[in-house]
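Worksheet: the structure to be examined is printed underneath.
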Amino acid sequence: MADKTYIYEAYRYQPRADNNQTILQFVAPASEIREWAGVPRKAFDYQHGFQRSLSPQRVTEVSRYFAEDPRNVSPTSVVVGFTGDVKLEVLPDRKLPPGARNLGDPVLIQVTVPDYSEAPIEELTTLALRKLEDRLSVTTVAVIKADVQTAAAEASELQDADTVDESFGITAEETAGVDESVVPDRSYLEDFYAQLLAYSQGYVTWPSEKQLREVLYSIIKPAIIVDGQHRIFGAANIDQDLRLSVCALPAATWAESVFQFVVINQKAKPIKPAFLSSIVATSLSADEITQVYGRLKESHVDVGRAHTMEQVNTDSRSPFKGMIDFEVEGSDGFLQFPGMSKLVSEFFNIPRSHPVLLPTGQWDGVTGEWIEHFFALWMGVRKTFENADSRLWKQPTDANPNNLLKIVTLQEVQRFMLDTWADSRFIQFTTPQETEAHAAKFWDEFPTAFFTDEWRKKGLQTSVGRSILRTALTETRRSMGRKNWGHRRLGLFSE
């Protein structure tokens, strides 16, 4: 591979006197930035990235803006993180007029990048594996290498899985159900490394070599684009020499780049919590999450929910494993993130809403973690209905008219159970096993046709609609076993 070298004059400065973090400010053609900077975009089969997917429409809009008038420019900087072969040379001080403040140093930046387009995929894979090994512990790498086939087979599926806000009808109080002190003890990065290693050794195949190349570029290029990908691509499409202001983080770690991406975008245009969950839970190793976690919290970025929802979507104990829509390109989840986040947080908030269900009124009085009881409750529901009719725990479609796995139904089913148990004063959460048994018994002999028959009543997400659904659930359960009675006579099943 032939090397390409790019040299720019830059200004290096220290934003804060009490910290040695430096920043580089310089100008570069958009086409050149695209050559030496990779874009770590998230997609369903590549969880390691953290950028939003590139939107062709936005790129076209940016290109149109630059093409409309030669006076149209981009006065704000794109942000990159230098992670690889970048050299800095301090230039001689320039004589400044009296009174002028010298707050930095003029430097030359030399960026060297091989022409990866000429390299075979095997060579790119080897380079990427080395980069990933630098970010994983020696022990983790050794364990995976000891049995690559098993490690790849056991790797968690790389599934994707606003802060949930009032635009979805969810308040901050309702979404408080997250233990923000918990940092996951595993990462998707290990899974990705295992699968890439297995690919390099011929144990697995990759669906698209073109997409894999883009993934590997984002790992091995000497810089990554933190913010401004659409401007860079849009500008390069119009004019190869169109110049952009660049703000660069020298010697940036992947964790620092993720932190800057989240903070920059959360402040300017809030990242949806579904995407934030994917970024935090899948773009970093466990050690990197530890490094970044506290800083994100201090920057008022809600990351606690990210870990909880990632667990709901990936934990083998979760009845909702792989079902949550994290709004990432290629994801096949179908349960919308905001509604599921509300379902989870309402369960977590049982100490406030239904304290009588807990021996001490708090979660610390039960055996196991609160989320184990959430899994158990819904596993009891799932097993009961799935055993009676397997269609009831599959994605609703025209061919599978299933009303159980809809957000409004799940929320009202959970509220119905909790309210009924609290009113009875006979049920309390003790162990996850008991919780699952209580849930299964609650729905035993409930007619499955209730969820497969057509619900003709519209607007169930409204307060009136929810009341109709709740009444139908209550009346049907109360009337189980009664002769000459059927749920189809209820308002839910009529216009």
| So which pairs with a foot in residues 474-484 pass salt bridge (charged side-chain N to carboxylate O under 4.0 Å, His left out), sequence neighbours left out? | E475-R478
| message | I'd like to check the salt bridge (charged side-chain N to carboxylate O under 4.0 Å, His left out) partners of D364; sequence neighbours left out, ordered by chain and number. | response | none
| query | Excluding sequence neighbours, so at least two apart, what forms side chain to side chain donor-acceptor pair (under 3.5 Å) with T435? | reply | H373
| message | Applying salt bridge (charged side-chain N to carboxylate O under 4.0 Å, His left out) as the test, list every pair that has at least one member in residues 417-439; sequence neighbours left out. | response | K383-E436, D419-R470
| request: Kindly state each residue pair satisfying side chain to side chain donor-acceptor pair (under 3.5 Å) with at least one member in residues 391-402, sequence neighbours excluded. | output: D389-R391
| query | Is any side-chain heavy atom of M340 closer than 4.5 Å to a side-chain heavy atom of M309? | reply | yes
| query | Going by heavy atoms in the side chains, are F442 and I427 under 4.5 Å from each other? | reply | no
| Is there side-chain contact between W421 and V356, with at least one heavy-atom pair below 4.5 Å? | no
| said: Once salt bridge (charged side-chain N to carboxylate O under 4.0 Å, His left out) is applied, do any residues pair with R130, and if so which ones, sequence neighbours excluded? | reply: none
| task | Identify, with sequence neighbours excluded, every residue that meets side chain to side chain donor-acceptor pair (under 3.5 Å) alongside T140. | result | S137
| remark: Sorted by chain and residue number, the side chain to side chain donor-acceptor pair (under 3.5 Å) partners of K406 (sequence neighbours excluded) come out as N403
| query | Taking only residues at least two apart or on different chains, which pairs with a member in residues 442-454 satisfy side chain to side chain donor-acceptor pair (under 3.5 Å)? | reply | D453-H487, D453-R488
| said: Are F347 and F429, when compared by the centres of their aromatic rings, separated by less than 6.0 Å? | reply: yes
| said: Measuring only between side-chain heavy atoms, which start at C-beta, is L197 closer than 4.5 Å to Y193? | reply: yes
| Any side-chain donor-acceptor pair under 3.5 Å between D315 and S318? | no
| request: Establish, from distance only, whether the side-chain atoms of W378 and Q414 form a donor-acceptor pair under 3.5 Å. | output: yes
| request: Output all residues satisfying salt bridge (charged side-chain N to carboxylate O under 4.0 Å, His left out) with E61, sequence neighbours left out; order by chain, then residue number. | output: none
| Among all residues two or more places apart in sequence or in another chain, which pass the side chain to side chain donor-acceptor pair (under 3.5 Å) test with E412? | R415, R466
| What residues form a salt bridge (charged side-chain N to carboxylate O under 4.0 Å, His left out) with K145, not counting sequence neighbours? | E133
| request: Please confirm whether F450 and W455 have ring centers closer than 6.0 angstrom. | output: yes
| remark: Note: G380 and A439 closest approach over all heavy atoms is CA-CB, 4.1 Å
